[in-house]
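Below is one structure, written out as structure tokens; the observations come after it.
Sequence positions, counted from 1, serve as the residue numbers for this chain.
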Amino acid sequence: MRVTIYEVGPRDGLQNEDVVVPVEVKREFIGRLAAAGLTTIEATSFVHPKWVPQLADAAELLDGLPRVPGVRYPVLVPNERGLDRALEHGVTEIAIFGSATETFARRNLNRSLDSQFEMFEPVVGRALEHGLRVRAYVSMCFADPWEGPVAPAQVVRVGRRLLDLGCYELSLGDTIGIGTPAHVTALLEAFQSEGVGPERLAVHFHDTYGQALANTLTALRMGVTTVDASTGGIGGCPYAKSATGNLATEDLVWMLDGLGIETGVDVRSLTATSLWLAGRLGRPSPSRVVQALAKEI
């Protein structure tokens with residue numbers, strides 16, 4: 001078995017950091033990730049700098065980013081203007097970001113739950129016309145800090161609409177990290193019952209309650225083979241203050257190595273990168289594997 005790690009550290013990880021990271025450090029970070037064996041690295045986002053100042057250098061980053069053959073560098077785009085900028089800078093793969101709940105859609109997208117699709121439809125349609133691959137994130141798949149628990153059927157309804165637009169993959173996000181293996185099982189079974197198999201799904205867990213690895217293992221046992229993770233466990237969500245860090249890529253790789261599951265990623269090389277990045281962020285990595293291996297690096 002082989003698992004694809006969708007590395008979100010340079011975008012989802014850094015976007016929640018208070019310290020603005022210089023563009024040359026971001027480029028080196030991405031280069032180090034590729035050298036460690038990661039083949040899908042979400043590089044940045046063409047979001048308005050007013051909302052995420054950390055990513056205001058997206059164009060500069062991409063224009064000077066050395067591309068490694070065989071490595072994908074998707075970019076998150078929030079709307080058609082973001083797509084225009086992505087096309088201007090030679091992006092070949094994008095992601096869009098939707099919500100499973102009404103409140104988060106209004107807070108994050110300034111749209112209602114249903115009207116968010118009016119924004120996504122032209123983005124996906126034009127991207128596909130230009131030959132780009134399009135991925136979709138769905139946030140608040142298990143619970144919302146304002147609305148409480150989210151019914152699997154509601155997540156499936158949103159997810160199916162995104163897939164029907166032409167997205168090749170749907171990443172299911174536990175944005176506030178409240179999910180458990182039982183929640184994961186129920187959600188994946190709900191998708192399966194509506195004809196969406198695990199080959200179209202990815203998982204994106206936050207480790208707020210220490211459940212990210214258990215949730216990931218549950219998803220893997222149900223057939224999911226793409227897992228989002230962030231090197232060093234950095235990240236969160238600037239629009240959901242109860243969201244803490246992402247699943248650390250090192251912790252994920254350590255577990256998968258122990259299970260004999262291939263990723264192509266060298267965990268010690270990745271740990272060295274996290275230690276290097278922690279020095280530039282001015283704080284230690286929350287990853288347990290990074291902490292355990294630090295003395296060996």
Looking only at heavy atoms, which two atoms of [X] and [Y] are closest? And how far apart?
X    : Y    : answer
I234 : S230 : O-OG, 2.8 Å
L109 : M119 : CD2-CE, 4.0 Å
S99  : A105 : OG-N, 3.4 Å
P286 : Q291 : O-NE2, 3.4 Å
V253 : V267 : CG1-CB, 3.9 Å
V290 : S274 : CG2-CB, 3.8 Å

Under 30°, 30 to 60°, or over 60°: which ring-plane class applies to [X] and [Y], parallel, tilted or perpendicular?
X    : Y    : result
F117 : F120 : perpendicular
H204 : Y137 : perpendicular
W146 : F104 : parallel

Is the number of heavy atoms from other residues, nucleotides or ligands within 6.0 Å of CG (D18) greater than 12? no
With a 4.5 Å limit on heavy-atom distance, are the side chains of [X] and [Y] in contact?
X    : Y    : answer
F46  : L76  : no
V123 : I94  : yes
T185 : M222 : yes
N16  : V52  : no
R11  : V75  : no
V150 : F142 : no
L170 : F191 : yes
V71  : I41  : yes

Closer than 3.5 angstrom, by distance alone: can the side chain of [X] be matched with the main-chain N or O of [Y] as a donor-acceptor pair?
X    : Y    : value
S287 : G232 : no
E42  : Y6   : no
Q116 : R111 : no
D207 : A212 : yes
H183 : T180 : yes
D144 : T101 : no
D251 : V289 : yes
N215 : Q211 : yes
S139 : G98  : yes
D57  : E60  : no

Carefully, step by step, assess L61 and I30 under the rule side-chain contact (heavy atoms from CB on, under 4.5 Å). CA-CA 10 Å; L61 171 71; I30 294 170; 4.2 Å; yes
Check the hydrophobic clustering (I, L, V, M, F, W, Y; side-chain heavy atoms under 4.5 Å; chains of links allowed) and say if [X] and [Y] are grouped together.
X    : Y    : answer
L259 : I5   : yes
V265 : I297 : no
L128 : Y168 : yes

Give the intermediate values and the outcome of salt bridge (Lys or Arg N to Asp or Glu O under 4.0 Å) for residues E169 and R200. CA-CA 5 Å; E169 182 176 78; R200 301 292 305 278; over 6 Å; no
Approximate separation, where rounding is to 0.5 Å, of [X] [atom1] and [Y] [atom2]:
X    : Y    : atom1 : atom2 : value
L220 : I261 : CG    : CD1   : 5.5 Å
M1   : E262 : CE    : CD    : 11.0 Å
W276 : L281 : CH2   : CG    : 9.0 Å
S285 : E250 : OG    : CD    : 6.0 Å
E24  : E28  : CD    : CD    : 9.5 Å
D228 : L252 : CG    : CG    : 10.0 Å

Does a side-chain N-to-carboxylate-O contact under 4.0 Å join [X] and [Y]?
X    : Y    : result
E17  : R283 : yes
R161 : D114 : yes
E296 : R268 : yes
E93  : R135 : no
E88  : R81  : yes

Checking side-chain polar atoms at under 3.5 Å, does [X] have a donor or acceptor matched by the opposite partner on [Y]?
X    : Y    : answer
T40  : R72  : yes
E7   : T231 : yes
H206 : N246 : yes

Under the 6.0 Å and 45° cation-pi test, does R67 pair with Y73? yes
Would T225 and E199 count as a side-chain contact (heavy atoms from CB on, under 4.5 Å) here? Give the steps. CA-CA 7 Å; T225 58; E199 71 282 355; over 6 Å; no
Report the C-alpha distance between L270 and L33 in whole Å, list the side-chain angles of each, state the deciding distance to 0.1 Å, and finish with yes or no for side-chain contact (heavy atoms from CB on, under 4.5 Å). CA-CA 7 Å; L270 206 57; L33 294 174; 3.8 Å; yes
L172 and L188: CA distance, side-chain angles, deciding distance, side-chain contact (heavy atoms from CB on, under 4.5 Å) verdict: CA-CA 10 Å; L172 305 174; L188 294 179; 4.0 Å; yes
